[in-house]
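Please read the structure below before turning to the comments.
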2 protein chains.
Amino acid sequence: MFSKSCEYAIKSMIFIAQKSKDGARIGIKDIAKGTDSPQHFIAKIMQVLSRKKLVHSVKGPNGGFYMDNLDLQNSIADIVKAIDGDGLYTDCVLGLHACSAENPCPIHSEYSVIKKNFIKMIENNTIGEFRDNLDAGNFHLKSILSV
Amino acid sequence: MFSKSCEYAIKSMIFIAQKSKDGARIGIKDIAKGTDSPQHFIAKIMQVLSRKKLVHSVKGPNGGFYMDNLDLQNSIADIVKAIDGDGLYTDCVLGLHACSAENPCPIHSEYSVIKKNFIKMIENNTIGEFRDNLDAGNFHLKSILSV
DNA sequence: AATATAAAAGAGTTTTATGTCTTAATTTGA
DNA sequence: TCAAATTAAGACATAAAACTCTTTTATATT
Ligand code: FES
Ligand code: FES
């Protein structure tokens with residue numbers, strides 16, 4: 001579904017959204033800890049997200065990552081597209097060179113419905129929306145087992 | 001979503017279902033051609049499917065793969081489980097150690113709906129059902145471009 | 001200005017997925 | 001019974017994904 005990079009990206013972004021609430025910045029080490037992710041690996045991922053303007057960063061002492069109100073309005077889909085590209089939108093589930101109704105694979109019609117709903121889901125959920133639920137402990141970014 | 005192996009497996013199985021209609025057997029070379037797949041690679045995949053009794057095979061002259069009426073009743077899900085395992089059923093979409101309502105990731109509740117429908121889809125569609133539609137040209141196993 | 005801090009960048013490694021090639025085993029038919 | 005055909009098996013090769021390490025650049029604080 002998502003690449004590992006993309007999984008880390010989504011978790012990191014939600015984590016940053018929560019931690020940078022009052023203009024605070026959060027460092028890569030804390031993000032790694034808070035999301036159970038390999039530090040150097042997600043550092044590279046954050047570079048991409050930062051270049052693509054999905055998150056802000058500042059170097060130096062007290063530096064780190066943070067999100068402004070505009071960043072918080074980005075959707076999960078924006079992260080996915082930044083990291084995994086638009087394969088989710090364009091690829092055939094059985095690996096035909098392109099998904100299309102004109103040259104459909106056997107499960108195209110059934111899959112199209114699933115796909116539409118999945119895309120709707122990641123597009124309708126903004127990063128900001130997860131922030132409060134995470135605070136409330138309604139969900140987790142780390143497996144209990146790994147703590 | 002599916003691994004490349006799994007994509008090949010599904011396409012090959014549907015192809016065999018169509019070609020082995022009247023007890024005929026179809027060889028690995030023809031399967032490779034008919035589904036645009038690397039021959040030696042899918043040979044290994046067919047070995048697995050054969051060992052797991054999802055398809056029949058005979059060696060020697062006029063040998064090859066074929067399906068009986070029971071084989072045709074297997075679902076796409078059976079192929080997926082044989083090749084990719086049950087990760088689709090058990091994995092968390094954000095990579096937590098296990099998907100569960102007790103320790104849900106941020107998009108667990110939204111994803112659960114998608115997942116349920118996806119599983120329903122691959123479980124409800126049997127290999128045999130695709131056979132006639134393939135005959136009718138209603139869908140394809142090869143990209144037009146690659147012919 | 002000097003120093004410490006933290007992200008950015010880039011090079012390198014390991015692991016997994018994908019794909020190829022060769023040989024063995026089985027079966028059919030001449 | 002022998003040769004040809006065809007799957008089964010296993011070793012090997014390549015490519016991509018995942019992960020690590022080191023160096024550079026920017027910035028804030030002293
Ligand atoms: S053609 Fe395969 S999913 Fe659309
Ligand atoms: S916990 Fe992540 S999908 Fe269920």
Side-chain angles (χ1 to χ4, degrees), chain A residues 1-13 15-16 19-20 23-33 35-67 80 82-85 87 91 94-95, chain B residues 1-13 15-16 19-20 23-33 35-67 80 82-85 87 91 94-95:
Chain A
M1 182 70 69
F2 298 138
S3 69
K4 228 79 181 86
S5 295
C6 196
E7 292 176 7
Y8 293 143
I10 295 170
K11 287 193 284 186
S12 295
M13 291 291 274
F15 188 73
I16 294 168
K19 293 298 180 185
S20 68
R25 294 148 182 183
I26 171 105
I28 199 72
K29 260 178 286 198
D30 291 325
I31 300 172
K33 276 181 205 157
T35 62
D36 243 354
S37 311
Q39 179 186 331
H40 295 290
F41 192 43
I42 60 166
K44 310 297 312 237
I45 296 167
M46 290 312 301
Q47 281 174 35
V48 175
L49 295 173
S50 181
R51 265 201 300 273
K52 300 211 174 175
K53 310 289 184 198
L54 293 176
V55 66
H56 285 77
S57 74
V58 291
K59 291 181 178 178
N62 290 310
F65 297 87
Y66 69 96
M67 287 187 195
V80 174
I83 301 299
D84 281 350
D91 290 353
L94 289 190
Chain B
M1 182 70 69
F2 298 138
S3 70
K4 226 80 181 91
S5 296
C6 196
E7 292 176 7
Y8 293 143
I10 295 169
K11 288 194 285 187
S12 295
M13 292 290 274
F15 187 73
I16 294 167
K19 294 297 179 186
S20 69
R25 294 149 183 183
I26 171 107
I28 200 72
K29 261 178 285 198
D30 291 324
I31 299 171
K33 276 182 205 157
T35 61
D36 242 355
S37 310
Q39 178 186 332
H40 295 291
F41 191 43
I42 61 166
K44 310 297 309 240
I45 296 167
M46 290 312 300
Q47 279 175 35
V48 176
L49 296 173
S50 180
R51 266 200 300 273
K52 300 210 174 176
K53 311 288 184 198
L54 293 175
V55 66
H56 285 77
S57 74
V58 291
K59 292 180 178 178
N62 290 312
F65 297 88
Y66 69 97
M67 288 188 196
V80 174
I83 302 298
D84 281 350
D91 290 353
L94 289 190

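Every chain is numbered from 1 and lettered A, B, ... according to where its sequence line falls, protein lines coming before strand lines. Reckoned from all heavy atoms, side chains included, excluding hydrogens, waters and symmetry mates.
Comparing B:Phe65 and B:Pro61 by the nucleotide of DNA chain D whose heavy atom lies nearest to each, the residue mapping closer to the 5' end is B:Pro61. Along DNA chain C, the nucleotide nearest to A:His40 and the one nearest to A:Val58 differ in position, and the one closer to the 5' end is contacted by A:Val58.
As rounded to whole Å, 9 Å separates atom C1' of D:dT27 from atom NZ of A:Lys59. Following rounding to the nearest Å, A:Ile26 (CD1) and C:dT5 (P) show an atom-to-atom distance of 17 Å. Counting to the nearest Å, the P atom of C:dG19 and the CG atom of B:Asp36 are 12 Å from each other.
One N or O donor and one acceptor, one from the side chain of B:Lys44 and one from the base of D:dG10, sit under 3.5 Å apart.
Residue A:Arg51 is classed as a sugar-phosphate contact, given heavy-atom separations below 4.0 Å to backbone atoms only. At the heavy-atom level, B:Gly63 lies under 4.0 Å from the strands shown only through sugar-phosphate atoms. Looking at heavy-atom distances under 4.0 Å, A:Lys29 makes no contact with the nucleic acid at all.
Distances shorter than 4.0 Å separate some side-chain N or O of B:Ser57 from OP1 or OP2 on D:dA8. Close to C:dT18, at under 4.0 Å from its OP1 or OP2, lies no side-chain N or O of B:Tyr8. OP1 and OP2 of C:dA7 both lie 4.0 Å or more from every side-chain N or O belonging to A:Ser50.
Pairing each heavy atom of A:Met67 with each of A:Ser20, the nearest pair is N-OG, 3.3 Å.
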